[in-house]
Amino acid sequence: MLGWWLYGLFDVDEGFYGAVVAEMNRRGEWITPLYNGKPWFEKPILLYWLAKPCLMLFGEMFGPRLPSILTTLGTYGVVAWFANRRFGEKTGQVAVLMLASSLLVVGTGRMMMTDLPLLLCFTAAMATFWESLVGKPSWRVWTAGLLGLGVLAKGPIALILFAIIAGWTYWREPDLRPSFKGYWLQGTGLMMLAIASWYVPAYLQNGQLFVQKFLIEQNIGRFTGGDAAHTLPGIAGLVAGTGMYIGVLLLGMLPWSLFIWNAWPRRSKGETAPDLALNRYLATWAAVVFIFFTISGAKLPHYLLPLFPPLAILIAAYAISKGKAPTRWFNSAAVSCCVMALLANGVFLWWYQASGQAEVHAISRYVRKEGGAVSIYQMGRRQKDLGTGKPKLQETSLPSLLMYLNEDAIDTDDLMVIFNAPPPVWIITRENRIHPEDFIAAQRAERTLEEVKPPVRQDAYKLYRVR
């Protein structure tokens with residue numbers, strides 16, 4: 001996981017989260033996420049709670065992604081603990097290395113995303129739930145508390161997935177049904193307490209806005225396809241989504257995904273009933289996550305992250321039990337970890353420079369140092385033509401600017417809004433967005449518009465000042 005501090009945040013998601021955390025810190029806010037002065041209920045609170053002290057203590061390069069790094073490492077720890085208890089030390093070691101060398105985990109594990117706290121909470125919840133079935137039922141209280149934290153990480157998805165997996169296990173494993181008794185009331189109480197720690201004060205502070213924007217639009221709406229940007233509608237969308245997720249799984253877990261078929265549980269000689277039940281539990285865990293997100297409206301590659309821990313354990317258990325050379329598996333996984341870490345750092349650092357994010361972040365730091373009001377002009381979504389015969393890129397807004405500026409900004413597509421603001425005002429924009437006639441318009445508004453050349457690279461972005 002080393003090297004995440006070598007490059008700044010990427011837009012769009014990381015940029016929003018970083019900007020929200022910076023603004024919450026400026027305002028001393030712990031309940032309502034804020035973006036550019038307005039409530040922003042895209043995601044629950046847990047990532048912001050974790051990132052607030054990290055950003056304050058460690059700064060804008062090291063701090064924002066630190067919660068993702070720590071929760072990813074925590075997931076590795078849970079996988080090692082659970083696999084070691086149920087399959088042995090070698091399986092635990094190999095499972096962690098397989099997980100830590102899976103491309104999707106390596107890539108997302110070093111980004112500021114809500115999926116990583118969810119991954120830790122859900123993985124730990126599923127592991128402790130199995131322990132409650134084959135060990136002490138009191139483990140179930142831990143399961144419930146972790147599910148509550150999962151709701152704070154990314155909404156009710158953790159509860160929905162758990163309910164399906166637990167229900168299927170109850171039906172599929174009749175020998176385990178007596179173990180389902182006990183500690184549900186205590187666990188539910190702890191879970192509700194965890195959820196209420198934010199949901200109640202957020203509702204009291206924001207009322208119907210919280211209900212509409214967060215509970216309805218961001219939870220119900222996303223599953224039913226309300227997130228148009230990430231939705232593949234209809235039967236065609238289901239087919240395309242299935243194909244997409246098969247590709248994500250195969251590529252995102254290479255080379256270990258090649259062994260999923262062999263590791264998938266089947267009744268065989270020499271395998272005891274408890275071992276087979278645990279393998280089926282792990283397979284159910286992975287399959288439910290895959291099927292659920294395949295049929296849901298919104299689809300993104302990192303939604304599949306919760307199925308990687310059970311698959312890593314299944315494949316590692318298969319490798320150790322069937323392989324003639326366990327050390328070879330361990331060494332192969334260890335080498336893969338190093339290769340993937342170097343690859344991720346190299347690709348991310350290259351893209352941070354090539355995409356222009358490094359450039360605009362440097363401009364933002366210059367403006368912050370100079371001081372004064374700031375405007376962001378025409379940064380919204382547009383198609384950028386790269387030339388005849390070349391693909392078109394979809395330009396995005398750059399919410400990360402607000403974290404690096406560490407202040408609210410005028411975000412507009414209308415220069416007159418900026419000209420009417422009390423001067424002086426900085427303008428950060430893309431190249432070719434300010435035209436000669438705009439300088440004349442500034443004079444008519446009794447303002448002076450001038451281009452500023454800061455001591456940083458300027459290829460895709462420009463800096464102006466209105467006096």
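Smallest separation of non-hydrogen atoms from Lys453 and Gln458: CA-OE1, 3.8 Å. Across Pro309 and Thr123, no two heavy atoms sit closer than the pair CG-OG1, 3.5 Å. What you find for Ser332 and Trp256 is that their closest heavy atoms are C-CH2, 4.1 Å. Here the shortest heavy-atom pairing between Ala127 and Val78 reads CB-CG1, 4.2 Å. Contact between Pro301 and Val248 at its shortest, heavy atoms only, is O-CG1, 3.8 Å. A pairwise comparison of heavy atoms in Ser68 and Met113 identifies OG-N, 3.4 Å as the closest pair.
Test Val141, Leu159, Val151 against Met191 for side chain to side chain contact (heavy atoms under 4.5 Å, CB included) and you get one pass: Leu159.
Ring geometry for Trp40 versus Phe16: interplanar angle under 30°, hence parallel rather than tilted (30 to 60°). Between Phe10 and Tyr352, the angle of the ring planes goes over 60°, which puts this pair in the perpendicular group of the 30/60° scheme. Using the six-membered ring where Trp is involved, Trp130 and Tyr281 have ring planes that are tilted, between 30° and 60° apart. Ring-plane geometry between Phe162 and Phe129 is classed as perpendicular, the angle between the planes exceeding 60 degrees on a 0 to 90 degree scale with a lower cut at 30.
Using a 4.5 Å cut-off on side-chain heavy atoms (C-beta onward), Leu119 and Thr108 make no contact. Within the 4.5 Å cutoff, side-chain heavy atoms of Thr128 are placed close to those of Leu146. Looking at heavy atoms from C-beta onward, Asp408 lies in side-chain contact with Arg26 at the 4.5 angstrom threshold. Between Leu152 and Leu149, the closest side-chain pair of non-hydrogen atoms falls below 4.5 Å. Contact check for Val106 versus Ser101: no side-chain heavy atoms found under the 4.5 Å cut-off. For the pair Pro455/Tyr366, a side-chain contact is recorded, criterion being any heavy-atom separation below 4.5 Å from C-beta on.
A distance-only check finds a donor-acceptor pair linking the side chain of Glu359 to the backbone of Ala460 [under 3.5 Å]. Side-chain atoms of Lys52 come within 3.5 Å of backbone atoms of Glu29 as a donor-acceptor pair (strictly under, hydrogens ignored). Under a 3.5 Å cut-off, the side chain of Ser375 and the backbone N or O of Tyr377 do not form any donor-acceptor pair. Although no hydrogens or angles enter the test, the distance criterion places no donor-acceptor pair under 3.5 Å between the side chain of Trp426 and the main chain of Leu463. For Asp438 (side chain) and Ile434 (main-chain N/O), no donor-acceptor pair under 3.5 Å exists by modelled atom type. Not a single donor-acceptor pair under 3.5 Å links the side chain of Gln357 to the backbone N or O of Gly8.
Between Ser197 atom OG and Leu46 atom CG the span is 9.0 Å, to the nearest 0.5 Å. Asp411 CG to Leu398 CG: the interatomic distance, rounded to the nearest 0.5 Å, is 10.0 Å.
With no hydrogens or angles considered, no side-chain donor-acceptor pair links Asn84 and Thr91 at under 3.5 Å. No side-chain donor from either of Arg365 and Tyr404 sits under 3.5 Å from a side-chain acceptor of the other. Of the N and O atoms on the side chains of Thr429 and Gln378, not one donor lies less than 3.5 Å from an acceptor on the other residue. For the 3.5 Å distance criterion, the side chains of Glu23 and Asn36 fail to qualify, holding no donor opposite an acceptor. The closest side-chain donor-acceptor pair between Arg140 and Ser132 falls under 3.5 angstrom.
Atom CE of Met56 has more than 12 heavy atoms from other residues, nucleotides or ligands within 6.0 Å. At most 12 heavy atoms of other shown residues, nucleotides or ligands fall within 6.0 angstrom of atom CD in Glu89. Atom CH2 of Trp139 has more than 12 heavy atoms from other residues, nucleotides or ligands within 6.0 Å.
Not counting sequence neighbours, Arg447 has no partner by the salt bridge (charged side-chain N to carboxylate O under 4.0 Å, His left out) test.
Residues Lys462 and Glu431 are not paired through a salt bridge, judged by the lack of any N-O separation under 4.0 Å between the basic side chain and the carboxylate.
Aromatic ring centroids of Tyr245 and Phe293 lie 6.0 Å or more apart. Side-chain rings of Tyr199 and Phe214 approach one another, their centers coming within less than 6.0 Å.
Taking the centre and axis of the six-membered ring of Trp4, the NZ or CZ atom of Arg110 falls outside the cone set by 45° and 6.0 Å.
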- Please report the C-alpha distance between Leu278 and Phe82 in whole Å, then the side-chain angles of each, then the deciding distance to 0.1 Å, and finally whether the side chain to side chain contact (heavy atoms under 4.5 Å, CB included) criterion is met. CA-CA 11 Å; Leu278 175 54; Phe82 184 64; 3.9 Å; yes

